[in-house]
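Written below as structure tokens is the structure these notes are about.
Remember, predicted model here, so these are calculated numbers, not experimental data. Labels below follow one simple rule: chain letters A, B, ... track the order of the sequence lines, proteins then strands, and each chain is numbered from 1.
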There are 2 protein chains.
Amino acid sequence: MFVRTNTDPLPRPNSLHDFGMRSDSNPIICLNEFTYKKGTEVYGEKEPADYVYQIKSGAVRSYKLLSDGRRQIGAFHLAGDIFGLENGSEHRFTAEAIVDTTVRLIKRQSLELVAESDAMVARNLLSMTTINLQHAEDHMLLLGRKTSLERVAAFLLEMDKRLTASEVMALPMSRRDIADYLGLTLETVSRAISHLHDLGVLGFIGNTQRQIVLLDRQELASLDLQH
Amino acid sequence: MFVRTNTDPLPRPNSLHDFGMRSDSNPIICLNEFTYKKGTEVYGEKEPADYVYQIKSGAVRSYKLLSDGRRQIGAFHLAGDIFGLENGSEHRFTAEAIVDTTVRLIKRQSLELVAESDAMVARNLLSMTTINLQHAEDHMLLLGRKTSLERVAAFLLEMDKRLTASEVMALPMSRRDIADYLGLTLETVSRAISHLHDLGVLGFIGNTQRQIVLLDRQELASLDLQH
DNA sequence: CGGGGGCTTGAGGCCACTCAACGATAGTGG
DNA sequence: CCACTATCGTTGAGTGGCCTCAAGCCCCCG
């Protein structure tokens, strides 16, 4: 049986409470909500990192650009995810809303103050950074050594795991976003998905191509070579 | 002028003292030395992470394997570097000595105990994890979007920065190691280096091809596209 | 209905990979 | 000291996987 050992999650803080604090008992913590329209920037690379974000609904992409426009998306952030947490004072990615997205805001400064005295909060900050690190480590293997089909299969399995909405998987991101996440072109991604469709591994729902149902996770997992 | 902003280091713990503790004042901390022969394994992926290592002399590669043998090196560890620090209980890479390597050992458990009560130690643990994360983030951009020449140029600049021994850069790792770090084949790495040699950007010292002198860092930097 | 964005598909090209040969070096043992 | 071997690096020739360029379809939305 297939076991995805290296992505087994650590105990994962997935709400503000998991920082070890309650908003009502910590008036220092500023907890506002904000909504970003599709395509708008949440923050830019090298901007001061004053806030940490948790997605209430929607989806966000974090990316770096080369000077000639080549883009590498480092991560997608979905409902429940916390992002924008930096240790330095600046953001190291640009973050954009993929669709209309509502987030909760936490002032970074107040988080750091609490972490100073509360070991549990400090441990959770470390734990979240570690989760990001693990994801980046696995993604390096994908980008450096996997074929286009293996990358797309890995992507679909990752999204299947994280978008546990229902039977069908409603991808918020475009083929271009997927391509820039996987280090491919959008055409190559499209061809790989078509190929998987022909193999009977997945099917489409409706007349948009972003609603995907995985028909054979076993087969998909065998296409994404593991370590 | 060229500024490599995204790799500007955070305040970097580069000795055991930087954990915020002194070995003499903390008898809990076990501080042994050990030497690994060239090519031997320091630890394997998924082994329990009981120790943290600091390199006294030598060099180490950390890598993941796919089941068919494809290898992705995630990082090289050089003299002074600390590696093997995990948040979970298991190592996520295999670590091997590239050359004969002497390390200092720190018991992980004692580190965690101290971090529990000492906020400064905790902060330094987080800071080290963040440095690893930043490196992985930059490396994703390289693996996903850079050409072979850009990758090799970036690699030489990184090593130039970290192997500040002298005028000449004595690479401890083989072309195959470099290739597996950059997501290329060893032939492509060799061709890129030969090309840079022909351009007059670098020269060889002696009759081994691992002693390299960078003749034109400016030119090299312009070949490695920035963001 | 017209326009635009997103997706697919085809044709051709190119960059990196594969396969192979060769030279140089270091280590080994006679 | 000299074979002998294994390892490492370079270089060439040819292949192939992914990219580039292009056309066309579908759907959404004004």
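A donor and an acceptor atom, one from each side chain of B/His91 and B/Glu86, are located under 3.5 Å apart. Side-chain atoms of A/His135 and A/Glu158 form a donor-acceptor pair, as typed in the model, at a separation below 3.5 Å.
Ring-plane geometry between A/Phe155 and A/Phe76 is classed as perpendicular, the angle between the planes exceeding 60 degrees on a 0 to 90 degree scale with a lower cut at 30.
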Problem - Verdict with reasoning, A/Leu85 to A/Arg108, per side-chain contact (heavy atoms from CB on, under 4.5 Å) - result: CA-CA 8 Å; A/Leu85 178 63; A/Arg108 175 173 171 265; 5.8 Å; no

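Identified under the salt bridge (Lys or Arg N to Asp or Glu O under 4.0 Å) test for residues 188-200 of chain B, with sequence neighbours left out: none.
Rounded to whole Å, atom C1' of C/dG6 lies 14 Å from atom CD1 of A/Ile212. Remark: C1' of C/dC14 and CG of B/Leu149 are 16 Å apart, rounded to the nearest angstrom. The distance between atom CD1 of A/Ile205 and atom C1' of D/dC27, rounded to the nearest whole Å, is 17 Å. Between the CD atom of A/Gln211 and the P atom of C/dC7 there is a distance of 12 Å, rounded to whole Å. Between the P atom of D/dT10 and the CG atom of B/Leu202 lies a distance of 10 Å, rounded to the nearest Å. One atom, NZ of A/Lys38, and another, P of C/dG5, lie 11 Å apart when rounded to the nearest Å. Atom NE2 of B/His197 is separated from atom C1' of D/dT10 by 12 Å (rounded to the nearest Å). Taking atom NE2 on A/His195 and atom C1' on C/dC7, their separation rounds to 18 Å, with Å as the unit.
When all heavy atoms of B/Leu225 and A/Arg70 are compared, the closest pair comes out as CD2-NH2, 3.0 Å.
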Distances under 3.5 Å between protein N/O atoms and the N/O atoms of nucleotides 28-30 of chain D, please, pair by pair.
none

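Less than 4.0 Å separates DNA chain C from at least one heavy atom of each of the following residues of residues 171-192 of chain A: A/Ser174, A/Arg175, A/Leu186, A/Glu187, A/Ser190, A/Arg191. Contacts between residues 69-78 of chain A and DNA chain D, defined by a heavy-atom separation under 4.0 Å, are absent.
Using a 4.0 Å cut-off, no side-chain N or O of B/Ser148 falls inside it from OP1 or OP2 of C/dC15.
Nearest-nucleotide assignment on DNA chain C puts the 5′-proximal partner with A/Arg210, out of A/Arg210 and A/Arg145.
Residues passing the side chain to side chain contact (heavy atoms under 4.5 Å, CB included) test with B/Ser222 are B/Glu219, sequence neighbours excluded. Among residues two or more places apart in sequence or in another chain, the salt bridge (Lys or Arg N to Asp or Glu O under 4.0 Å) test is passed with A/Arg61 by A/Glu96, A/Asp177. With sequence neighbours excluded, the residues forming a side chain to side chain contact (heavy atoms under 4.5 Å, CB included) with A/Arg176 are A/Arg71, A/Ser174, A/Asp180, A/Leu186, listed by chain and number. Residues passing the side chain to side chain contact (heavy atoms under 4.5 Å, CB included) test with A/Asn132, sequence neighbours excluded: B/Leu133. Annotation: salt bridge (Lys or Arg N to Asp or Glu O under 4.0 Å) contacts of B/Asp100 (sequence neighbours excluded): B/Lys37. In terms of the side chain to side chain contact (heavy atoms under 4.5 Å, CB included) criterion, residue partners of A/Asp160 (sequence neighbours excluded) are, by chain and number, A/Met169, A/Leu214, A/Arg217. For A/Phe93, the ring pair (Phe, Tyr, Trp, His ring centres under 6.0 Å) criterion is met by no residue, not counting sequence neighbours.
Considering A/Tyr53, A/Tyr36, A/Tyr51, A/Phe34 in turn, A/Tyr53 is the only one that fulfils the ring pair (Phe, Tyr, Trp, His ring centres under 6.0 Å) rule with A/Tyr43.
Comparing the start and finish of the helix from C/dC1-D/dG30 to C/dG30-D/dC1, five pairs each, the helix axis swings through 30°, to the nearest 10 degrees.
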